[in-house]
2 protein chains.
Amino acid sequence: MAVTDEAITKIKDMILSGELAAGDRLPPEKELSEKLGLSRSSLREAVKALEIIRVLDVRRGDGTYVTSLEPQLLNEAMSFIVDLHQDKSILEIFEVRRILEPAAAGIAAGRIGTEQLAALHATLASVNEETSIEALVEHDLIFHSLITAAADNAYMASVLDALSSSTVRARIWRGLTQEKAVDRTLAEHTAIIEALERGDAELVKALVTVHISGVEHWLRQAL
Amino acid sequence: MAVTDEAITKIKDMILSGELAAGDRLPPEKELSEKLGLSRSSLREAVKALEIIRVLDVRRGDGTYVTSLEPQLLNEAMSFIVDLHQDKSILEIFEVRRILEPAAAGIAAGRIGTEQLAALHATLASVNEETSIEALVEHDLIFHSLITAAADNAYMASVLDALSSSTVRARIWRGLTQEKAVDRTLAEHTAIIEALERGDAELVKALVTVHISGVEHWLRQAL
DNA sequence: CCCCCAATAAACATCCGACCATTAGACTTG
DNA sequence: CAAGTCTAATGGTCGGATGTTTATTGGGGG
């Protein structure tokens, strides 16, 4: 194994063993490179890799720290990868979403609070049939994120958010707007909010399933 | 933004724009560093980061290539992150698994082939109540992976495999063996295989739900 | 003509040392 | 005591030298 990969493993092990905890500061690059027995250049490659997947937080002029390692940090790292997969298997992604998202929404129905419901209303009110595509994508991301967040499971939220990365959503919406399906989507969003307010988990699950399956169906025809 | 991060974004964009396709070879480090306007050292940090998340494949003495970007490559990158989360939110992970894995197994019931069933029998036959913990963990990983793989959805398999990283599984099994629950787990595995053979999707879903919930329940008591 | 092997060149791996840019914290000053 | 300033610590970037691995090429032998 290359020294850089060894360094990555060693740093990871230092975290797993508890030698480094969340929020801890790592020794300076020069010092750590000597401790691990490799050059600063090689160590920096290792640190950069760990920074990309949000394990380390490098602050210039200050130092390098272990991140909180909270599940939501999984998000960006996963999204980065999903972004690159593009159309290749978008239908497979939807199959996972169709399973996970209704379940998450159902859980959310029993846990969602007043503030979160207000936020849902707000994002819905910010768009209509004449809104720009960019704003619609933004609304759609927020809408689904708010619901998955309300399920109060950071892993679930991370996985779902990553699977619906912004670039994927953007492409879909571009197609949907051409099909004049915007009003239908917004109507479905409205229905989902109402069911959430009533706390009707079964109805929420059904509505979300229909909502996602609708897009999925459109995709199958478009491809 | 730092030059290294710019380089990461540029390489990512080259892939998104189609300038670089899966399997393509990147220009040599020296050449690419000049094209992107940064030093070779900094470029190497960017390449290392992309290599860790399985976007690039660096072959010493040969060159650097874009990976196939297949969904299963998501696996290792995600597992690496989940590994670091440890106990922090293991119950949240189980909540996601309890939703996704029965659904995947239910789909697998209709798609699983003879060879895959044989593989399931084989891994089950390789263990008993006196097997070492390491071998039990290995069996457990293979058993669940085979089923999720049979659902024929690479994203689903990647997410599930990542959520049950080997270190997490190892810790759980260590606890389960102390509780003499090994035989029960193996009995449940047997029942799941039989239901899969019959193609009874509903029963498979129920059995997998019970199976995962059982471990989840044990975890709640243990924590 | 084909196969095997050694020589070669290309490419990544690693290291070093220098200098720049930024930040946190100590210090000075009003 | 507060605000601004200075400084040491730390990461960011660079260029080049050298080592290691691999693919390729060309020649020699079968």
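Chain A is the first sequence line, chain B the second, and so forth, proteins listed ahead of strands; every chain is numbered from 1. Atoms considered below: every heavy atom in the structure, side chains included; atoms not considered: hydrogens, waters and symmetry mates. The shown structure was predicted, so the numbers you read here are calculated from the model rather than taken from an experiment.
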Face-on cation placement of B:Arg97 at B:Phe94 ring, 6.0 Å and 45° thresholds: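 Relative to the ring axis of B:Phe94, which defines the angle, B:Arg97 lies inside both limits.
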Near-strand residues of residues 2-14 of chain A, defined as heavy-atom separation under 4.0 angstrom from DNA chain C: A:Ala2, A:Val3, A:Thr4
Residue-level proximity of residues 57-64 of chain B to DNA chain C when a heavy atom falls under 4.0 Å: B:Val58, B:Arg59, B:Arg60, B:Gly61, B:Asp62, B:Gly63, B:Thr64
All pairs passing salt bridge (charged side-chain N to carboxylate O under 4.0 Å, His left out) where residues 13-23 of chain B contributes a residue, at least two apart: B:Glu19-B:Lys35
Heavy-atom neighbours of B:His121 NE2 exceed 12 at 6.0 Å: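 Yes, enclosed.
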For [X] and [N], what is the distance between atoms [atom1] and [atom2] respectively, to the nearest whole Å?
X: B:Glu29; N: D:dC14; atom1: CD; atom2: P; value: 14 Å
X: B:Glu45; N: D:dG15; atom1: CD; atom2: C1'; value: 14 Å
X: A:Glu51; N: D:dG11; atom1: CD; atom2: P; value: 12 Å

Donor-acceptor contact below 3.5 Å, side chain B:Ser213 vs main chain B:Glu216: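 It does not hold such a pair.
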Sidechain-backbone polar pair: A:Thr67 side chain, A:Arg54 backbone, donor-acceptor under 3.5 Å: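 Confirmed, A:Thr67 side chain pairs with A:Arg54 backbone.
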Distance-only side-chain donor-acceptor flag, A:Ser145 / A:Thr148, under 3.5 Å: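 There is no such pair between these side chains.
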Sugar-phosphate, base or nothing in reach of A:Ser41, heavy atoms under 4.0 Å: base
DNA chain D contacts among residues 30-38 of chain B, heavy-atom distance under 4.0 Å: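 Residues of residues 30-38 of chain B that come under 4.0 Å of DNA chain D are, in numerical order, B:Leu38.
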Stems formed with participation of DNA chain D [Watson-Crick or G-U wobble, under 3.5 Å, three or more pairs]: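 Stems for DNA chain D, defined as runs of 3 or more consecutive pairs: C:1-30 with D:1-30.
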Check: A:His144 ring centre within less than 6.0 Å of A:His211 ring centre: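 Yes.
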Residue list, side-chain hydrogen bond (donor to acceptor under 3.5 Å, both in side chains) with A:Asp5, at least two apart or on another chain: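 So A:Asp5 forms a side-chain hydrogen bond (donor to acceptor under 3.5 Å, both in side chains) with B:Lys48.
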Salt bridge (Lys or Arg N to Asp or Glu O under 4.0 Å) with [X]: which residues, sequence neighbours excluded?
X: B:Lys30; answer: B:Glu34
X: A:Glu130; answer: none
X: A:Arg60; answer: none
X: B:Arg111; answer: A:Glu95

Span of DNA chain C, from the first to the last nucleotide whose atoms fall under 4.0 Å of chain A heavy atoms: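 That gives a stretch of C:dT14 to C:dA24.
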Side chain to side chain contact (heavy atoms under 4.5 Å, CB included) evaluation trace for B:Ile212 with B:Val208: CA-CA 6 Å; B:Ile212 295 177; B:Val208 172; 3.8 Å; yes
Rounded distance [0.5 Å steps], OH in B:Tyr155 versus CD in B:Glu70: 9.5 Å
With sequence neighbours excluded, residues passing side-chain contact (heavy atoms from CB on, under 4.5 Å) with A:Ile142: A:Thr123, A:Glu138, A:Leu146
